[in-house]
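In what follows, chains carry the letters A, B, and so on, assigned in the order in which the sequence lines appear, proteins first and then strands, with residues in each chain numbered from 1.
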Number of protein chains: 2
Amino acid sequence: MEAAVRDRIYEFIQASGLRRTTQRDAIIEAAFSYTDHYNADELLLRARSIDPSVSRATVYRTLPLLVESGLLKELDLGKEQMFYDPNYIDHPRHSHLICLDCNRILEFEDRNIDTLENCITKRLGFSPVNKSTRIEANCDELKRVGVCQHQAGQPAARS
Amino acid sequence: MEAAVRDRIYEFIQASGLRRTTQRDAIIEAAFSYTDHYNADELLLRARSIDPSVSRATVYRTLPLLVESGLLKELDLGKEQMFYDPNYIDHPRHSHLICLDCNRILEFEDRNIDTLENCITKRLGFSPVNKSTRIEANCDELKRVGVCQHQAGQPAARS
DNA sequence: ATTTCTGCAAACGATTTGCACAGGG
DNA sequence: CCCTGTGCAAATCGTTTGCAGAAAT
C-alpha cells in the first residue's frame with residue numbers, strides 16, 4: 001500500500017469525523033494490498049489475516065466508507081456480488097470484458113468511448129457521474145484451439 | 001402484442017418441446033404488453049390480471065425461457081433486481097442512462113460506441129456476446145431550475 | 001462521559017428449488 | 001399414461017441491521 005494512499009485515507013477518515021480502530025486499519029491495509037479487484041469475502045479473509053477479530057459486518061460497513069472516499073471503486077460486473085478495485089485513482093478503468101468461457105475479467109480503457117459517452121450524456125441533458133461498459137464475450141482462442149489458456153481460473157458462470 | 005412476436009414465441013416453445021399452459025400464456029401475454037422495461041413483480045401482477053392462478057415461481061421460471069428465445073431482453077440496470085425489455089427485437093437498445101435524481105431510465109443507441117466496442121473486443125482476442133453501457137448521471141435541469149420535471153417517478157435510489 | 005464501533009445473529013429481498021399434485025401430449 | 005409444469009413454502013446468498021457491549025475521543 002502506497003504511503004500516499006494511506007495518507008489520503010486517514011485524511012478522509014479524520015475529515016469525516018470517523019474513528020480509527022484496529023479493525024478499520026486491518027481492513028484498509030487489506031483493501032489496498034490488492035493489485036486487482038476482489039469481493040467482500042476475499043477482503044474479509046485477508047483483513048482477518050491481519051486482525052482476526054474483524055467481522056464480516058465490519059467489512060460490509062467499511063467498504064462504503066472507502067468507496068465514498070474515492071480511493072476504492074465499486075464494480076458491478078454483473079455477477080451476484082459486488083467487486084472492489086483499489087487501483088482506481090492511478091488508472092481509472094471503467095470498462096470490463098468478461099470472458100464467458102473462463103470467467104476472466106479484463107479491464108481496458110478507451111478514450112474514444114469515454115468522449116462519446118460524455119457527448120451523449122450532455123446531449124440528453126445530464127452530467128455523467130459514473131459510466132461503465134461491460135462486454136461479455138467468448139474467447140477466440142478457445143474456439144480455435146479448443147482450450148482457453150486461462151480456464152484454470154474458474155468454470156464459466158452461467159453458460 | 002404483435003402477432004409476429006406471438007408467432008415466434010410459440011414457434012420457439014414448440015421447437016423446444018415445451019408445453020403450452022394457461023399460466024405461460026398469461027405470462028407471455030403480459031410480458032409483451034409492455035412498451036417499456038419492467039421487473040418480475042410488475043410482470044406477476046399483470047399476468048395475474050389475465051390468469052389469477054399465476055404464481056411468482058412460474059414467472060421466475062418462465063422469464064429465462066423468454067430470454068433464451070431471444071424475444072425478451074434481460075437488463076442489468078445496477079439495481080438489486082433484474083429488468084426485462086420486450087421491444088428488444090425492434091430496437092436493440094443496449095445503452096442506458098440512469099438519472100440519479102429521479103430514477104428515470106433513458107435508453108439510447110450509438111452506432112459509434114457499438115463499433116468501438118467491437119473493435120476493442122476483437123483486438124483483445126474475443127468475440128462479443130453481450131455489450132452494455134450504463135451511465136449514471138445527474139439531471140442538468142434539476143441543477144438549474146431546482147426541480148426535476150420527472151421527479152414524480154420515484155425518489156432517487158442510493159443518493 | 002459521550003459517542004461511535006464492533007461482533008453476533010437475525011433480518012432482508014430477489015430469486016431458486018424440493019415437493020406432491022395438476023394437467024398437457 | 002407419462003412426463004412436464006405448477007403452486008406452495010422453505011431455502012439461498014450476498015448484504016444489511018438491531019442490539020448490547022467495547023473502544024475511541
Q. Among residues 44-55 of chain A, which contact DNA chain C at a heavy-atom distance under 4.0 Å?
A. Ser53(A), Val54(A), Ser55(A)
Q | Identified side chain to side chain contact (heavy atoms under 4.5 Å, CB included) counterpart of Phe126(A) within the set Leu106(B), Leu100(B), Ile135(B) | A | Leu106(B)
All N/O donor-acceptor pairs, side-chain side in residues 56-64 of chain B, below 3.5 Å, sequence neighbours left out:
unit_1   : atom_1 : unit_2   : atom_2 : d
Arg56(B) : NH1    : Asp41(B) : OD1    : 2.3
Thr58(B) : OG1    : Ser55(B) : OG     : 3.3
Thr62(B) : OG1    : Thr58(B) : O      : 2.7

Q.
By the side-chain hydrogen bond (donor to acceptor under 3.5 Å, both in side chains) test, which pairs, at least two apart or in different chains, include something from residues 63-73 of chain B?
A. Lys73(B)-Asn130(B)
Q) Does Asn112(B) have any side chain to side chain donor-acceptor pair (under 3.5 Å) partners at least two apart in sequence or in another chain, and if so, which? A) none
**Q.** Any residue meeting side chain to side chain donor-acceptor pair (under 3.5 Å) with Gln23(A), in chain and number order, not counting sequence neighbours
**A.** none
Donor-acceptor contact below 3.5 Å, side chain [X] vs main chain [Y]:
X	Y	result
Arg48(A)	Ser53(A)	no
Glu42(B)	Asn39(B)	yes
Asp101(B)	Cys139(B)	yes

Q | Per-nucleotide protein contact string for nucleotides 9-14 of chain D, where B marks a base within reach and S marks sugar-phosphate only (heavy atoms under 4.0 Å, - for neither) | A | -----S
Please identify each residue that fulfils ring-ring contact (aromatic ring centres under 6.0 Å, His included) with [X], with sequence neighbours left out.
X	value
Phe108(B)	none
Phe83(B)	none
Tyr38(B)	Tyr34(B)

Please report, to 0.1 Å, the donor-acceptor pairs under 3.5 Å made by any side chain of residues 7-16 of chain B, with sequence neighbours excluded.
unit_1   : atom_1 : unit_2   : atom_2 : d
Tyr10(B) : OH     : Asp25(B) : OD1    : 2.6
Ser16(B) : OG     : Phe12(B) : O      : 2.8

**Q.** Selection: residues 11-33 of chain A, any non-hydrogen atom under 4.0 Å of DNA chain D
**A.** Arg19(A), Arg20(A)
Q | Rounded interatomic separation in angstrom, taking CZ from Arg61(B) and C1' from dG7(D) | A | 8 Å
Q. If you walk 5' to 3' along DNA chain C, what is the first nucleotide with an atom under 4.0 Å of a heavy atom in chain A, and what is the last?
A. dT3(C) to dC8(C)
